[in-house]
Each structure stands twice: as C-alpha cells, then as structure tokens.
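First the structure, in the form of structure tokens, and then the observations on it.
So you know, we letter chains A, B, ... as the sequences are listed, proteins then strands, and number each from 1.
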There are 6 protein chains.
Amino acid sequence: MFKHEKPMLHPVKVDAPNPQYAAMLQEQLGGSNGELKAGLQYIAQSFRIKDQEIKDLFLDIGAEELSHMEMVATMINMLNGHDLEADAMSGGSIQAHVLGGLAPLYTDASGFPWTGVYVNCTGDLPADILSNIAAEQRAKVVYEYLYRQINDKGVRETIDFLLNREEAHNALFREALNKVQNDGSNKDFGVTEDSRLYFDLSTPGKFFEHPFPTPPSFANPNQAPMQ
Amino acid sequence: MFKHEKPMLHPVKVDAPNPQYAAMLQEQLGGSNGELKAGLQYIAQSFRIKDQEIKDLFLDIGAEELSHMEMVATMINMLNGHDLEADAMSGGSIQAHVLGGLAPLYTDASGFPWTGVYVNCTGDLPADILSNIAAEQRAKVVYEYLYRQINDKGVRETIDFLLNREEAHNALFREALNKVQNDGSNKDFGVTEDSRLYFDLSTPGKFFEHPFPTPPSFANPNQAPMQ
Amino acid sequence: MFKHEKPMLHPVKVDAPNPQYAAMLQEQLGGSNGELKAGLQYIAQSFRIKDQEIKDLFLDIGAEELSHMEMVATMINMLNGHDLEADAMSGGSIQAHVLGGLAPLYTDASGFPWTGVYVNCTGDLPADILSNIAAEQRAKVVYEYLYRQINDKGVRETIDFLLNREEAHNALFREALNKVQNDGSNKDFGVTEDSRLYFDLSTPGKFFEHPFPTPPSFANPNQAPMQ
Amino acid sequence: MFKHEKPMLHPVKVDAPNPQYAAMLQEQLGGSNGELKAGLQYIAQSFRIKDQEIKDLFLDIGAEELSHMEMVATMINMLNGHDLEADAMSGGSIQAHVLGGLAPLYTDASGFPWTGVYVNCTGDLPADILSNIAAEQRAKVVYEYLYRQINDKGVRETIDFLLNREEAHNALFREALNKVQNDGSNKDFGVTEDSRLYFDLSTPGKFFEHPFPTPPSFANPNQAPMQ
Amino acid sequence: MFKHEKPMLHPVKVDAPNPQYAAMLQEQLGGSNGELKAGLQYIAQSFRIKDQEIKDLFLDIGAEELSHMEMVATMINMLNGHDLEADAMSGGSIQAHVLGGLAPLYTDASGFPWTGVYVNCTGDLPADILSNIAAEQRAKVVYEYLYRQINDKGVRETIDFLLNREEAHNALFREALNKVQNDGSNKDFGVTEDSRLYFDLSTPGKFFEHPFPTPPSFANPNQAPMQ
Amino acid sequence: MFKHEKPMLHPVKVDAPNPQYAAMLQEQLGGSNGELKAGLQYIAQSFRIKDQEIKDLFLDIGAEELSHMEMVATMINMLNGHDLEADAMSGGSIQAHVLGGLAPLYTDASGFPWTGVYVNCTGDLPADILSNIAAEQRAKVVYEYLYRQINDKGVRETIDFLLNREEAHNALFREALNKVQNDGSNKDFGVTEDSRLYFDLSTPGKFFEHPFPTPPSFANPNQAPMQ
C-alpha cells in the first residue's frame, strides 16, 4: 500500500522563477534517467522478488524516488512562475505554456512523454540490480549537467541533495549485487570457449585482450573510506 | 513524501494460475485506463493546485490508485504461475515469457508500454476533474469486460472491489466538480452566438437541437439514494 | 462516406506571419487535445454505436472537428510565412523548417507526432460520452492559453470561433449523456459497501465525506439561460 | 470542410464473424500502410500545395481513403461478432476484447496505436508524390497478404475492391509526378561527380554500374493498355 | 557480418561550432528521413531477398548509409562545441545539453527518438524499392532545407556530398525497380473495372481522368545524359 | 566507415520452421535488450569518446552486435518458414504475416517497434560503461528465457553462441570501467552527509545499513579463473 504525507522528503528551494530552466529540469521529472523512471523501475522489479531483504531495499528506494519526483515537480512548478509566455523561452518543451497551464508534466526536456520503455525489469536479480546501478549513475550525470547550467542557489542546493542520494542508492545496489552473486543469471556460471574470443571488427586498433568471464561483483561496495 | 507499507490495501485472491488471463489483466496495470495511469494523473494534477481540499482529494485518490496498481500487479504475478511458455498462450503480450521472467510489466494487454500520453493534465481544475470522471468510468468499463471473461472466484472478488472503488472516486470527483463550478475555464462563462449553432454535417439525420451552453455541473452527485 | 468541400467551415484570418506562434498552434492540430484527436475519437466511437441519434451526433461533430483541423492547419500554414529559418525561432518544434518545408504536420507544439493513444474508445456509451465532454473542456482550455499569447486580431477571432464550438459540443454531449443514463456501464447500477469507503491516504487533511455513488448525470445540460 | 454521408462508398460484406481475422484486418485500419495513414497523409500534404490540380487530386484521394477507413472499420466491426472472449483468439491484438468492447480501434494488428510518424509530408511535390506511390504499392501488398489468409467470400470481395482502388491511386499519382518533373526538388537538377560513384561496401559481389542520376519520371503512367 | 574502419567514407568538415545547427542536423541522424533510417531500412529488406543482385545492392547502399550516419554524427559532434548551455539555444532539442553531454543522439531535431516505425519493409520487392526511391528523394529534400539555413562552408560541402549520394542511390533503385517489373506485387497484373474509377470527392474541381493502371516502371533510369 | 561481408560472423542453424518461435525471437532483434539496441548503443557512445582504446572497444563490440543482429534476423527468417498463416500462431506479433511477408522486422516479440529510447548515451564514460554492463546481463537473461522454450538443436546452438558472447562483452566492459575509475562522473568523488542516509520508507523491514559511497569498480574483472 502507498501513502502520501504532505511534507516533502527534503525542503525544496528556488530563488527565482526561470521558465527556461524549468523546461530543462523536466528531464529529471519525465526523462529517461529521471525520478519517475527510477521509482517505477524499482517498484516494478519488487513485485516478483522473493528475497525479503532485497524486496524491502527496492521498495525503500522506490518510495524515495517517488518522493524525489515530487521534489523535482515542485521545483519545476516554482521555476515556471506565473506567466504563460511560450515565445520568451528558448529551446526545449513549450508544453507547459500551451497545454499544461504551467503545471509540471511527465515529459522530458524536449516534451517527449514518459514511457514504460525506460523501465528495465527482467525478473532476474543480478540483471535488475546492474540496471539499477547504471540508472543511478546516469541520473547523477544528468544532475551534474543541470547543476552546471544554473546559478540559482536554492536550485543548486536542492540538486545537490538529489545528486547525493543517487550515490547512496548506487552504493546500496552494489552491496545488494554482491549478495546475489550466485543467484539467477549468475548461477551455474559455465561458459564455453566462445566467451573467450575477441573479434577485432573496427580497424585499425586492438587494445584489449581476450576476456575470461566471471560473474560480476563490485570491489568494496558501500565500505567506509579508510581514515 | 510517499511511503510504502507491506500489507495490501485490500486482500488479493487468485484461485489458480492463468497466464493468458494475466496477459489480459495487464491492461489495468499498464494500459490506457489502468491503475498506474489513474494514480499518476491525479498526482500530476495535484502539483500545481492551490485549493487545499481538492489537492488533498487528488492525493488521497492518487495514493489509492498506486495501491490498486500494486494489487493488480500482485494478481498478475500470481496468475503468471511458474512456467515460461509463451507458445501456450493465445493472443496478447508474451513479454512476460521472453523478457520479464513472468514479472508484471508496465505494458497493456498487447505489450504496448505505458506512456505519459495517457495522463491528462491541463492546469485547469474543471477540465482536470472532468478528465478524472471520464477516466474512472472507462476504468470501470474495462474491469467489467475483464470480469466477464473469467470464472476464477478469487480474481472476480478482487476485481469487484477495484470496480467499486472506481465508482467511489467517480462520485467524489463529481462532487469536486460542482465545487469549482465558477473557477478556471468555467469562470466568466461568456459565449457567443457561434456556440449555439448546430452543423448537420453527417447526412441524412439530425436529432439534436441547437445547444445553449452552460458550465457543466452534475445532478446530485454523491448523494445518498432516496429510501 | 466522407466528402470534402473546398470552402472552409468558417473563414480563417491571420494578420501577419509568426512562425513561433505557428509552432505553438501545432498543439491544436496534432496535440493531445487538438482537432485531429477530437475528430478521430468521435468517428472511432461511432463505428459500433447502434443508437442512430447518438451515432449521427458523433458523426456530425466528428466531421466538424475534421473541418476545424483544416482551419487550424490553414492558420499554421499562413503563420509559417515563407522563410525557412529554424534558428530564429524560440522554443517548440522546428520540424516545419527542417523536415516539412513549412507545411503543417501532425505533431504537437514540441514536435511529438500525433498518436492513436489520444483516442478514448471503450465501446460503452456513457464512458465514451464522458470522455468526449472532458476532451471538449480540455480543448477549450488549450485555446484559452493560446488566445492569451497572441495579439494578432485575425488569429484571435478564429480561435474565438473554435473555442465557442467546443462549448457547443460540450453541451450536446452532456445532453446525450443524460439520454443514456440507464444504458451500458450505468445499467443495473448496483454497488457494494466498498464503493462507500473513503481512504484517507494523504495526510494530514481529509475534507470529503464518504461517497454514495449514483450514475452520473448533468444538471440542466443544454438549457437556455433564464431571461 | 469535411462532410459525412451515411452510405458507404462501396458495400461492405462479411459472411461470418471471425474475431481472429478482425485482429489481422486492424493492420489496414490503424497500421503503417493502412487507410487512415493514406487519408491523413494526402490531406496533410494538401494543406500547403499551391498547384490547384494536384491539391484537388490529393483531396479527392484523401477523402476516398477516409471512406475506405470507414469500410475497413465496418468490416472489423462485423468480424468481431458479439462475444468478448480474448482467450479464444490466437496471435495479434486483444484490445478489442479487454479495452474496446469489440469496437474497431486505431491500432495495427499487434495493438500498436496509429502514429503521425506514418505520415510523410515534406512540403516538396516530387518527394511527396513518390511517397504516395510507394504507400499505395505497400497498401496493395498488405491487402494481398490479408486476401490469402481468409476464405470468407464477402470479405474477399470487399478487399478486392479496396486493392483495386490502390492501383487506381498509384496510376494517378504517377501521372501527377510526371507533371511536376521540373518542380521542387527536381528543379535545377545539377549533380556533381559524387552522384556517379558506386561504393561496393558489401563483399563479395557487385552487380550494378555507376549511376547517372536524372529526375525520376514514370514510363507511360496511366495509359490505356494497347488493344 | 559488419565491420568498421576508422576512416570516414568521406571527409567531414565543420568551420565553427554551432549548437543550434547541431540540433537541426539531428534530423538527418535520428529523424524520419535520416541516415539511420535509410541504412536500417535497406538492411532489413535485404534479410529475406533471394535475388542475389538486388540483395547485394541493398547491402552496399545500407552499409553506405550507416557510414553517412557516422559522418552526420561526427558533424553534430563538432557543431555541438564544448559548452553545456541549453538556454542559449533557440528551438529544437536540448537533450544534448541536459542528457547527452553534447554527444549526438538518435533523435530528430525536436528530440523525438528514432523509431522502427520509420522503416518500410513489406517483403515484396517492387513495394520495397518504391519505398526506397521515395525515401531517397525525401532525404534529399531535407538536406536542401538544411543547406539553405547555414553559411558554414565546411558543413555545406559535407551536406553537398551527402545530397549527391541520395541521387546516386535513387537512380540505382529506379534501375532495380525496372528489373523486377514482373515480380512480386507486379506479377499477374490483373485489375478490375474498380481500378478505373475516379471518385470526385473534393468539390469543386476535377482535373484528372480515369486511371488505367499498369505496373510502375521508370523512364530511362540511370542513363547517361545525352551529350 | 561501415562495411558488410556476406559470410555470417558465426554459422546460423535452424532445424525446422517454427513461426511461433520466430515471433518470440523477435525480442532479440528489435526488443529492448536485443542486438540492434546493443550495436547502436555502443556506436552512439563512441561518437564523442576521446580515449582511443575505449573508442575502439566500443566500435569492435558495436560492429559485432550488428553482426549478431544479422544472425538473429537470419534465424527468424528461417523459422518463419514459407506460409502466411497468422491465425495458426498463438501469442505475440503477427506482423510478419500481415505486414512483412515473413521478413524479420525491427520490432519486439509483441510487435512494438524498436525505439531510440532503448539507447543509453550520456557522454560520460563511467555511466555509459555501467549501462553497457547492465545491457549485456539483460541480453544474456533474455537468451536464457528463449533457450528454455525451444528444443530445436540448431536454434539452441546458435543461441548458446550469442549468449556466450554477451559474457565476453560484459567482462570487457567491466575491465574498461576499472580503467576509467577516476574519470568523468567518478572524478573528484566528493559526497556530502546526505549520501550516507538511509530512508526506511517501506515498512515494516529494514535490512541494509547506511551507505558509504565510493566510485564503482569491479572485483577481478576479466581474470582467468583459478585452476
């Protein structure tokens, strides 16, 4: 069961309206690496998981990402300001001004609607956790790009919080991956000689040796840095 | 802030696995009138609403719809059973068997991924509430179609609960509409002669008179039926 | 059978080219609440309707919406002017300048292509009519947003006509809904106690009472205002 | 302005219900080479055309394709019969049984919704006419595939009519292409040596000589066969 | 088997960064008439072709189009320059600045992702070749639109090469069509009286005569211009 | 520059036609974890990479994935057999029978067309490599699901080869990730206290401790297993 509480997970600050930046920030509301995608991906994966610890982890983070989505939407709402004026904007989606009455919408920065295609769910724990680790890293990168394109101090502080949370999730998912190292698609890890070939198909240049596949595991995930 | 509690909003019952019906039920998980759509639509609309009563109503129902989504996904999970066997299914999406390892996915019954296009959000209260009333009625209809195509008693009881909840929401949204009868797109309801014309463009046949537009309001919404 | 006549349903006026506004107006040609959507929705619904009066109404309005689509496309065509110059535009779709040779396209204001997902058709009359009423109200809202963002007198007059027609259709659809109050999904309107619950899932705040569902009907639709 | 007349352009016959075939036939209602695509493509192209003869041709054929769409939808409606029973169907879209109440929908045979992406419109007459010629040939091919998979005599006669009309349109478009041989993208047909090269990139095998580009024109389009 | 070689098929020149033009040029990387579409369309068609000469032609041109895609992506990469600055751009996709770190993406100029819907493949040679001829002509038109909107000499030279190659392919495909004039959908070219009708559905105006369909063939394809 | 050679990268074997399995196998041709996605993802990422060793690796694997796509398409082609007969198929896409003349198409097993949305490209090396590792693991999982649903020995051998190649790529990408451990989004890895919080939002249950984020690196990637 899902519940909602009126207070935000973390305070949202915006110093001044900035409709152009609101359009850019849409990327993290309704884009391919945004908060809605993250939340719905982890929740979808949780539905069939039997491991109670990992199921709980996915739902903890899934609910947090929905709460991030609410924060991003609130920032967009404040950045959109009060004036319908699509032609004062430069690039990006103008839907807020012609369709949504300045409300945040589930689209990316170019107005492309959120799609279930963003969600990776294979029913296999190692694969799903690797998808989540990659998703968190990409989300961090997008926040870095957005951070560099605004000076608004409130927005920067809010993005900084969200960006740090992606790191937290990434570390937790890496720890979870190591826990399932012998499960699902990693179980009975038998490979043939075919997996040790290297096809040098782009020429000139060959810089990597023949691979010797092993199940993926992360070095020292989620460990306190040495003093 | 969103939170999750492990118990379902209402118990989910499935008497026997039925992968074909699982594929059909996907329509109410990831389809155009499904639970994810309903939940995300009301939440999206809530972001910019200033009226605290209606904002709370939208978030109450939005959180409930996410909880329905969890119920539908759980039913699908149980109906999918334990055997990957796409070619034993007749029509509908086979993605659970070739992509998702029998996990529920955000697609409709034909495998088309959920899209933000399903969500109607205009930033205008009367328009958004009318969209919600229509959405609830359509969801009810889809549940009726699904109800008629299965004999599984557990599934029927669960669908019956979900169908009744659509009625509850519909009645509440109608009451909300009457509250905003003079707001937003209903404000200053001035129309010209153009709104009173009838263009009889499909011939033969004309059965309706010239319209005299007024703001939409529902007759006796949400009132106890007379004894 | 569909036929076309060269004269427009209503004269289209544009005082001066304005490519940026042309991009914005695309929303009502190929967007989610635009004229193509309205026309194709009512036509789709008409295909299986047995009630001859309502079938005729849907086809009358469906044909009118296609005629509105032609008017909007003609406005866009005139607003696009004669110069390919995508970089002189601010936000919104630039496809007219790089793909379409300034021809109107079936996309929304951000360049997202029209999709059949916009069309609501359930084969149930009460649900479909409620969808249409909501669609008309949303279309009106989008025209209001567009109206407020231009001073071109010709464009404003044309938009005013189209906006008034949405009101006309809305009133007619409300009248139609009341006619089918005991049909389809409204028939045998039996609901259980489950439909009278209120789940207060967003806290703090609860402002609505328990619902008592009844079939939806509109108060005084399509009635002449009192003198 | 568009108008609708209740009689079909050509009688539609179906000998017996066949829900599986209805799903297949959806390809020509809402698929990539279907009637809706054809109609909307020619109408879109017509909006900016200045040549009155070709504009009229496009609108004549565009209106005819909308009338074909109505015929195909009517066939689907009859083939769908009267029983919701998705699990009795083999492959293809089951939406009619779980979403649409057996009404025809704007999707292809797999349930993928119609999209504006299907429509080719460049604002250039030679390119647009070539697109139309290709579209007509593809539509003919799909009807041939559908024809071979049913024995229902009524359906076959109706498909035969539609298939023959594609040929008619194809011939007319070829004639139109030859009329604009020196316009638009064919005007000032200067090419450089780069256009005369042949890159033999798939090996082994080279069977064509270096090209010598000229504007495309069709041999004897639309000419009465010799007696 | 596909192989890659580091040198480009043809040198790519860009005189100066121009992020706005990079966004426009995306149309030919990930748009409906772009290089990726062309390459993947011809490759898809090749998979089932039995005629070895035409299969080789499709794969020669398919591989060349992938090589063009690489050239266009390289141009976009250079035009994007080095500064993330979405709000300095006017219309078009801003994804490079908020999602892709200035890398070229498979989207069109408005940020709409490339879709398999662009690819026409019917398994019928005459239809597929006609699709290719139309695709080449449309690609040429888009390059013409792009050429007219930039003064950068390097970009213009590169576009000029690509545009000329479309002409080369067009001429080769026309030659191929004439080779298959009696195959596939052109075989047993029997048509009924229905194919000779003209429905004058857009009034006033009728400028074309009744058609007399014959299999399509091109006049003098790929012939050296007279001296 | 891309080139094509007629021989396959590895022999493709199919013992007997099986149209239903052909539809299922479409998932690895045009689906979200299929070969086309893999190939185009690595190629897209390569366009802006400056590190020559990693650029070469991405293009080696990208070209190999296109070659796998050719193998999968060839398998589908053989499995489709020679008879158009959509209604003999159970679940999954029937497009091959009504649209494609039994040719392989760029769609997934449900007929949903390939989309650029599948491609993850952020312009950041650590994020992109993590995306690739996840993609390879998911592709392996889908091949495992497909392997379990067929007894055809030839198909099983071919899938076994492809599955092993995913392992090879996975190992190589892990090695590449460790090479860029201090680059891009991993550079200056400073995090705040916010990254060390754990929000226990799904109750009851909390099984993971507070995270201590570090840059991701893999344990012993690509190392020969001990004897």
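Using a 4.5 Å cut-off between heavy atoms, Thr107(A) makes no contact with chain B at all. Interface remark: Leu105(A) contributes side-chain atoms only to the contact with chain B (heavy atom separation under 4.5 Å). Contacts between Val119(A) and chain B at a heavy-atom distance below 4.5 Å involve the side chain alone, from C-beta outward. Looking at Leu36(A), only its side chain comes within 4.5 Å of chain B, counting heavy atoms on both sides. Using a 4.5 Å cut-off between heavy atoms, Asp128(B) makes no contact with chain A at all.
Comparing Gly123(B), Gly39(B), Ala127(B), Gly116(B) by how many heavy-atom pairs each has under 4.5 Å with chain A, the most go to Gly116(B). The choice from Ile43(B), Leu9(B), Leu102(B) that makes the most heavy-atom pairs within less than 4.5 Å of chain A is Leu102(B). Per-residue heavy-atom pair counts under 4.5 Å with chain B were compared for Asp60(A), Asp124(A), Asp56(A), and the maximum is reached by Asp56(A).
Taken from OG in Ser46(B) to NE2 in His4(A), the straight-line distance is 6.5 Å, to the nearest 0.5 Å.
Counting heavy atoms from C-beta outward, Thr115(B) and Val117(A) have side chains that stay 4.5 Å or more apart. Residues Phe47(A) and Glu70(B) have side chains in contact (heavy-atom distance under 4.5 Å, counting atoms from C-beta outward).
For Glu64(A), the side-chain hydrogen bond (donor to acceptor under 3.5 Å, both in side chains) criterion is met by His68(A), Arg165(A), His169(A), not counting sequence neighbours.
At a heavy-atom cut-off of under 4.5 Å, chain A is reached by Ala73(B), Asn77(B), Asn80(B) from residues 73-80 of chain B, listed in order of number.
Listed for the Ser67(A) side chain is a donor-acceptor partner under 3.5 Å among the backbone atoms of Phe2(B). Distance alone, capped at 3.5 Å, is enough to place a donor-acceptor pair between the Tyr106(A) side chain and the Leu40(B) backbone.
Other residues, nucleotides and ligands contribute more than 12 heavy atoms inside 6.0 Å of the NZ atom of Lys6(A). A 6.0 Å sphere centred on NZ of Lys3(A) holds no more than 12 heavy atoms belonging to other residues, nucleotides or ligands.
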